[in-house]
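First comes the structure, then the notes that go with it.
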2 protein chains.
Amino acid sequence: MEGSAARPRTRIQTEKRDTILEAALEVFSTHGFRGSTIDQIAAAAGMSKPNLLYYFRRKEDIFTTLIQRLLDTWLAPLRELDDEGDPLTELRSYIRRKIEMARDYPRESRIFANEILQGAPRILPMLEGELKQLVDEKAVIIRGWMRSGRIARTDPYHLIFSIWATTQHYADFDVQVRAVLGPDRGGEGRFEDAARFLEQLFVEGLRPKG
Amino acid sequence: MEGSAARPRTRIQTEKRDTILEAALEVFSTHGFRGSTIDQIAAAAGMSKPNLLYYFRRKEDIFTTLIQRLLDTWLAPLRELDDEGDPLTELRSYIRRKIEMARDYPRESRIFANEILQGAPRILPMLEGELKQLVDEKAVIIRGWMRSGRIARTDPYHLIFSIWATTQHYADFDVQVRAVLGPDRGGEGRFEDAARFLEQLFVEGLRPKG
DNA sequence: CTAACCTTTGTCCATTCGGTCAAAAAATGC
DNA sequence: GCATTTTTTGACCGAATGGACAAAGGTTAG
């Protein structure tokens with residue numbers, strides 16, 4: 001039974017595939033798909049290249065499996081945006097969750113950023129399908145909040161884009177953020193500062209005009 | 001006289017080097033540094049690989065020359081932020097200029113994004129030097145506006161980051177933006193919509209509380 | 001113990017890529 | 001027109017890379 005089948009059967013296969021995916025996350029997120037080599041991933045996973053290729057037939061298989069597995073985690077915060085909650089509170093906790101993800105899962109953010117920068121050759125269908133559908137859904141909710149006057153009227157799509165952009169910026173452009181803040185302000189506190197700033201910006205920016 | 005000297009002497013050298021840099025901008029911005037090959041750039045520039053290498057000795061020389069040349073253009077909008085102007089007007093036109101750049105020069109934006117994503121190995125000194133200095137300078141101006149009560153008090157650095165993030169998002173993540181907006185809303189109007197949204201967000205978000 | 005299956009590895013291969021080099025071709029100065 | 005310099009090119013090289021393969025080493029069920 002070959003190991004690279006879509007569904008691993010043995011315990012050893014499940015474990016090794018997980019090890020490989022963790023290593024691949026590390027490597028792909030820092031060098032991009034094209035810039036990463038199978039050797040690098042194999043080394044990071046502590047195994048030989050042919051052994052790795054026993055579990056994943058091709059480099060691209062590792063990447064697509066990884067992306068597929070990351071997707072749910074990545075979209076979870078947006079999924080939690082709740083129609084029933086208080087609009088400004090909901091948006092504020094969405095922003096906070098996204099900033100926490102930028103802090104705790106920067107590699108995941110960079111993988112997506114890298115892929116989209118290159119034109120999303122391997123995940124375009126997902127963007128046009130699953131992602132668009134989710135955003136459409138949440139845009140309806142946000143528009144409802146606007147109609148009932150609980151937040152200011154504006155474009156819900158660009159609102160979501162701007163939350164993505166500002167929060168993921170702290171993962172994807174981390175080097176630049178730290179370089180500009182300098183040694184004194186570039187410590188761990190930057191995420192807390194960012195969260196405070198963004199909450200203020202969006203809450204004040206979206207407060208309905210009396 | 002070798003052609004790859006820092007200062008080209010003949011007219012033909014100046015022209016060819018420009019042709020190469022334009023081709024390199026196209027190639028580097030879509031595949032990143034590592035993902036681009038000299039052959040691709042040479043083909044895009046309409047010359048043979050050895051001929052290209054006659055003008056730039058190494059692949060990295062092309063890249064650094066290109067980045068160097070792009071830098072001024074790229075930072076121009078921030079440089080124009082004027083102490084003397086009306087704060088909200090100044091910020092609004094900064095945002096508008098940045099959105100126009102995302103629309104008109106997406107390749108430049110993607111080159112920087114790509115480089116920073118990989119940890120800015122080739123431009124880190126510039127980030128820590130020139131860029132930091134410029135931002136420090138403008139942060140002082142913005143803080144002055146806050147002190148005099150003409151805009152709300154907040155963190156000027158994160159304010160600048162958020163303007164970068166939101167505007168450049170429309171260049172760097174263009175594929176995703178178009179995928180989510182769909183065929184009907186993903187047309188050229190998206191930049192105008194984005195500009196309107198962002199101006200509203202920042203102006204309302206920064207309006208000083210009476 | 002043994003046969004069948006799963007896992008690991010050393011070796012090898014074709015391709016791609018960055019870069020060199022010498023020689024041809026073109027341009028330039030006199 | 002001729003000599004010198006600049007530009008262009010074909011051929012080539014070594015290293016890196018994705019991937020194939022067969023053989024060896026383990027594991028497990030009977």
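The structure presented is a predicted model; accordingly, all values stated were derived computationally and were not measured. Letters A, B, ... mirror the listed sequences (proteins, then strands); counts begin at 1.
- Taking side-chain N and O atoms only, B:Q13 has no distance below 4.0 Å to OP1 or OP2 of D:dT6.
- Under the 30°/60° scheme for interplanar angles, the aromatic rings of B:F112 and B:W74 are found to lie parallel.
- Between A:F161 and B:H169, the ring planes are tilted. Angles from 30° to 60° get that label.
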The contact string for nucleotides 8-21 of chain C, one letter per nucleotide 5' to 3', using protein heavy atoms under 4.0 Å with B, S and - for base, sugar-phosphate only and none, comes out as BBBB-----SBBBB
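- Computed from coordinates, the A:R17 CZ to C:dT7 P distance equals 11 Å when rounded to whole Å.
- Annotation for A:V175 and B:A120: closest pair CG1-CB, 4.2 Å, computed over non-hydrogen atoms.
- Annotation: cation-pi pair B:R103/B:Y170 absent, no NZ/CZ under 6.0 Å from the ring centroid and within 45° of its normal.
- Salt-bridge check for B:R196 with B:D193: passed, with a basic side-chain N closer than 4.0 Å to an acidic carboxylate O.
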